Amino acid sequence: AQSVAQPEDQVNVAEGNPLTVKCTYSVSGNPYLFWYVQYPNRGLQFLLKYITGDNLVKGSYGFEAEFNKSQTSFHLKKPSALVSDSALYFCAVRDPNTGGGNKLTFGTGTQLKVEL
Amino acid sequence: DAGVTQSPTHLIKTRGQQVTLRCSPKSGHDTVSWYQQALGQGPQFIFQYYEEEERQRGNFPDRFSGHQFPNYSSELNVNALLLGDSALYLCASSLAAGGSEQFFGPGTRLTVL
């Protein structure tokens, strides 16, 4: 069974500082990995994904994530945080070996708070 | 280009009733998935529809059923509502091709009293 862990319920960072939101996963075989962001009372917005290739993937709004197979991690990063980045962030994993199924398994989310 | 749309936005039902939620996928997408997001939790996969058939199902009882229409839109039906069914129900659309990201709608907030 696939699973995702986001060990931090909340991350606080000052505007202009780098931010990291942690994610580790468990899945048989090579995973598909995703990051989504959710603003209050809204659906999820896609940020970036790792399917194959370069371990460092770049996404929307200056976010990037690094895939580390040996540590089974996919941490989300941004070099300089903005107050507008404050939101709830979800990591998700998909097992590609499910005969066409696209089930995403999500973590419990990390609330990011960027302060002036 | 319209993204994923869902209706209604909010819904209040009582225990034992039945509810139908609707979803229109992003233009060009042929696959629809449904998720349940309880307060303070991550979304939980309910099921996926492609070519009008259920392709994959999560750990939800048979009270949860769905349908996909020829225009790729989809419905989620929940029978015999329980208090625990209160949640945000999210619809996501994607292409069937492997690795495609899912685009989510704004959700339907269901409250069961």
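If you're wondering where the values come from, they're calculated on a predicted model, not measured in any experiment.
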Task: Pairs meeting criterion disulfide bond (SG atoms under 2.5 Å apart) with involvement of residues 48-85 of chain A, two or more places apart - done: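 The answer is none; no pair qualifies.
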Task: Sequence neighbours excluded - disulfide bond (SG atoms under 2.5 Å apart) pairs with any residue from residues 23-69 of chain A - done: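 Passing the test, one end in residues 23-69 of chain A: Cys23(A)-Cys91(A).
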TODO: Would you please classify the geometry between the Phe104(B) ring and the Phe106(A) ring as parallel, tilted or perpendicular, with 30° and 60° separating the classes?
DONE: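 The arrangement is perpendicular - the two ring planes meet at more than 60°.
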Decide whether [X] and [Y] are clustered together by the hydrophobic rule: side chain heavy atoms of Ile, Leu, Val, Met, Phe, Trp, Tyr closer than 4.5 Å, transitively.
{"X": "Val32(B)", "Y": "Leu90(B)", "value": "no"}
{"X": "Val57(A)", "Y": "Val37(A)", "value": "yes"}
{"X": "Phe74(A)", "Y": "Phe90(A)", "value": "no"}
{"X": "Val19(B)", "Y": "Phe60(B)", "value": "yes"}

- [ ] Using a cut-off of under 4.5 Å on heavy-atom pairs, state which of Gly107(B), Gly42(B), Pro43(B), Gly105(B) scores highest against chain A.
- [x]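 Answer, by heavy-atom pair count under 4.5 Å with chain A: Pro43(B).
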Report the donor-acceptor contacts between chain A and chain B below 3.5 Å as a table, one pair per row.
unit_1, atom_1, unit_2, atom_2, d
Tyr36(A), OH, Gln102(B), N, 3.2
Tyr36(A), OH, Gln102(B), O, 2.8
Gln38(A), OE1, Gln37(B), NE2, 3.0
Gln38(A), NE2, Gln37(B), OE1, 3.0
Lys49(A), NZ, Gly99(B), O, 2.9
Lys49(A), NZ, Glu101(B), OE1, 2.7
Gly100(A), O, Gln48(B), NE2, 3.4
Asn102(A), N, Gln48(B), OE1, 3.0
Asn102(A), N, Gln56(B), OE1, 3.0
Asn102(A), O, Gln102(B), NE2, 2.7
Asn102(A), OD1, Ser33(B), OG, 3.1
Asn102(A), ND2, Ser33(B), OG, 3.3
Asn102(A), ND2, Ser94(B), OG, 3.4
Lys103(A), N, Gln56(B), OE1, 3.0
Leu104(A), N, Tyr35(B), OH, 3.2

- [ ] Can you tell which part of Ile51(A) gets under 4.5 Å to a heavy atom of chain B, answering side chain, backbone, both or neither?
- [x]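 Just its side chain gets close to chain B.
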Task: Interface moiety of Leu88(B) toward chain A, non-hydrogen atoms closer than 4.5 Å - done: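 Just its side chain gets close to chain A.
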- [ ] Name all residues meeting the salt bridge (charged side-chain N to carboxylate O under 4.0 Å, His left out) criterion together with Glu15(A); count only those two or more places apart in sequence or in a different chain, and write none if there are none.
- [x]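 Partners of Glu15(A) under the salt bridge (charged side-chain N to carboxylate O under 4.0 Å, His left out) test: none.
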- [ ] Inspect the surroundings of CG in Leu83(B) and state if more than 12 heavy atoms from other residues, nucleotides or ligands are less than 6.0 Å away.
- [x]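 For Leu83(B), atom CG is crowded (more than 12 foreign heavy atoms under 6.0 Å).
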